[in-house]
Protein chains: 2
Amino acid sequence: MKRGLLTDRQKEVLRYRKQGLTQQQIADIIKTSKANVCTIEKAALENIARARDTLEFLYTLDAAHLCTLKSGLDLLKAPEIIYSEAEKMGVKVKYDTITLINRLRDANPDRFRGRQVREDVEVYINEDGDLYFG
Amino acid sequence: MKRGLLTDRQKEVLRYRKQGLTQQQIADIIKTSKANVCTIEKAALENIARARDTLEFLYTLDAAHLCTLKSGLDLLKAPEIIYSEAEKMGVKVKYDTITLINRLRDANPDRFRGRQVREDVEVYINEDGDLYFG
DNA sequence: TCGAATTTAAACACTTCTGCTTAACAGATT
DNA sequence: AATCTGTTAAGCAGAAGTGTTTAAATTCGA
């Protein structure tokens with residue numbers, strides 16, 4: 001059974017990178033092209049991000065589904081929706097408007113284009129008023 | 001780009017499970033066999049474990065490689081090796097013999113069969129004397 | 001012990017991932 | 001201009017993951 005997401009090749013590259021080597025230097029050491037080192041490093045970072053997202057999901061299991069921010073929605077209208085839904089459930093959202101928008105964008109930058117929601121975002125809330133997105 | 005490791009199917013099963021449903025009940029809901037629900041749930045838990053291991057690896061990046069516990073080694077001889085190697089590096093291991101063995105086993109149970117190491121285990125140590133295995 | 005719940009194994013199509021090459025492109029530094 | 005660094009894209013072969021079915025084993029409470 002595989003232990004982690006990272007392949008031996010990916011770990012190798014990350015270790016050399018941590019030591020400050022350039023992609024070209026690493027390419028020479030492991031005998032391949034610098035383009036390939038770039039690809040491998042990128043894949044490694046993606047895998048790490050994916051691992052983080054996976055564990056992030058566990059929080060949504062403890063949380064209740066609050067609402068769905070539908071594709072096309074104006075990002076600035078999201079807080080209003082979220083506050084109103086949370087009030088219905090008798091929970092106070094932990095974040096103010098600005099913080100909420102930032103959290104929303106930071107959580108997964110890919111899902112927003114400027115002020116627009118590109119893809120449906122599910123919003124979860126726990127009893128502490130913490131928000132999670134999935 | 002995929003966000004997490006878990007497929008929609010796997011998330012679905014985990015959510016129903018969290019609600020206390022049996023595999024048979026879930027199978028009826030998502031219209032498949034209970035055996036399949038079992039497989040999906042198992043895959044989900046494996047993915048979560050893999051995500052944890054992946055992030056665990058990041059610690060080994062900050063840590064230095066201490067030694068390798070080779071396949072076939074007696075688990076009870078590991079502490080001696082580790083203490084002696086750490087001393088060479090001028091770092092004091094944070095754990096006593098008993099705790100060390102327990103950490104070693106708990107870190108990844110699959111790599112030990114009774115008192116024997118089944119598969120090479122890399123040992124890393126940081127400046128605080130914390131140990132990581134990979 | 002009976003039956004329900006859970007787990008495991010094997011096999012199958014299908015999809016995705018991985019490492020790799022080649023080639024091109026953008027930014028900095030020299 | 002020439003060089004070094006990092007990125008990106010297309011394509012390819014081999015490996016691994018996913019959902020599924022079917023069938024057999026195991027656990028466990030009543």
Side-chain angles (χ1 to χ4, degrees), chain A residues 1-58 60-61 108-111 113 118-119 122 134, chain B residues 1-58 60-61 108-113 118-120 122 134:
Chain A
M1 220 131 296
K2 280 264 161 51
R3 238 147 279 292
L5 284 179
L6 302 174
T7 65
D8 289 343
R9 213 63 166 151
Q10 290 169 7
K11 291 181 192 171
E12 209 177 356
V13 168
L14 287 183
R15 286 213 187 85
Y16 285 130
R17 278 305 244 178
K18 191 84 180 188
Q19 292 171 19
L21 301 190
T22 69
Q23 291 179 338
Q24 181 60 67
Q25 288 174 316
I26 297 171
D28 293 339
I29 294 174
I30 68 176
K31 306 211 186 322
T32 183
S33 67
K34 64 179 177 175
N36 193 30
V37 171
C38 179
T39 307
I40 293 173
E41 182 182 2
K42 195 182 171 190
L45 297 179
E46 267 170 14
N47 281 336
I48 290 169
R50 223 176 294 175
R52 291 213 166 93
D53 286 341
T54 302
L55 298 187
E56 184 78 11
F57 164 80
L58 296 185
T60 75
L61 274 184
N108 33 28
D110 299 339
R111 297 219 207 171
R113 178 176 40 210
R118 290 179 73 176
E119 197 184 339
E122 303 299 334
Chain B
M1 217 133 295
K2 281 256 167 55
R3 236 149 284 290
L5 284 179
L6 302 173
T7 65
D8 289 342
R9 214 63 165 151
Q10 290 169 5
K11 292 182 193 170
E12 207 177 359
V13 168
L14 286 182
R15 287 214 187 84
Y16 285 129
R17 280 306 245 177
K18 191 82 178 188
Q19 292 170 19
L21 301 192
T22 69
Q23 292 180 336
Q24 181 60 67
Q25 289 174 314
I26 298 171
D28 292 341
I29 294 175
I30 68 177
K31 307 211 184 320
T32 183
S33 69
K34 61 185 175 176
N36 194 29
V37 172
C38 176
T39 307
I40 294 172
E41 183 182 1
K42 195 183 173 189
L45 296 179
E46 267 171 15
N47 281 336
I48 290 169
R50 223 177 295 176
R52 291 213 164 94
D53 286 340
T54 303
L55 298 187
E56 184 77 10
F57 163 80
L58 296 185
T60 76
L61 273 184
N108 33 26
D110 298 339
R111 296 220 208 170
F112 301 99
R113 177 176 42 211
R118 289 178 71 176
E119 196 183 340
D120 285 9
E122 303 299 334

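Below, read A as the first sequence line, B as the second, and so on, with proteins coming before strands; counting in each chain starts at 1.
- At whole-Å resolution of the value, CD in B:Glu41 and C1' in D:dT18 are 16 Å apart.
- Look at CD on B:Glu46: it is 12 Å from C1' on C:dT8, rounded to the nearest Å.
- OP1 or OP2 of C:dT16 has not a single side-chain nitrogen or oxygen of A:Arg50 nearer than 4.0 Å.
- Taken from CG in B:Leu5 to CD in B:Glu46, the straight-line distance is 11.5 Å, to the nearest 0.5 Å.
- Between A:Arg15 and A:Glu12, none of the side-chain N atoms (NZ, or NE/NH1/NH2) sits under 4.0 Å from a carboxylate O, so this pair counts as no salt bridge.
- Distance from the side chain of B:Gln23 is smallest to C:dT6 among D:dT18, D:dG6, C:dT6.
- Taken from CD1 in A:Ile26 to CG in A:Leu14, the straight-line distance is 9.0 Å, to the nearest 0.5 Å.
- To the nearest 0.5 Å, the span separating NZ on A:Lys34 from CD on A:Gln24 amounts to 6.0 Å.
- For C:dT8, the OP1/OP2 oxygens have a side-chain nitrogen or oxygen of B:Lys42 closer than 4.0 Å.
- Nearest nucleotide to the side chain of A:Arg9, out of C:dT6, C:dG19, D:dT20: C:dG19.
- One atom, CD1 of A:Ile26, and another, C1' of D:dT5, lie 12 Å apart when rounded to the nearest Å.
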Nucleic acid footprint by protein, nucleotides 21-30 of chain D - heavy-atom cut-off 4.0 Å, B for base, S for sugar-phosphate alone: BBB-------
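- The side chain of A:Ile40 lies closest to C:dG19, out of D:dT20, D:dT5, C:dG19.
- We find that CG of A:Leu21 is positioned 11 Å from P of D:dT5, with the value rounded to whole Å.
- Here the side chain of B:Thr60 pairs no donor or acceptor atom with the backbone of B:Glu56 at under 3.5 angstrom.
- Atoms CD1 and CD, on B:Ile48 and B:Gln10 in that order, are 8.5 Å from each other to the nearest 0.5 Å.
- Rounded to whole Å, the distance from CG on B:Leu5 to P on C:dC17 is 10 Å.
- For the pair B:Leu6 CG and D:dG19 C1', the interatomic distance rounds to 15 Å; values are reported in whole Å.
- The CD atom of A:Gln10 sits 14 Å away from the C1' atom of D:dA15 (whole-angstrom rounding).
- B:Asn47 comes within 4.0 angstrom of the backbone, heavy atoms only, and of no base.
- Rounded to an integer number of Å, the gap from A:Asp28 CG to D:dC4 P is 12 Å.
- The CZ atom of B:Arg17 sits 12.0 Å away from the CD1 atom of B:Ile40 when rounded to the nearest 0.5 Å.
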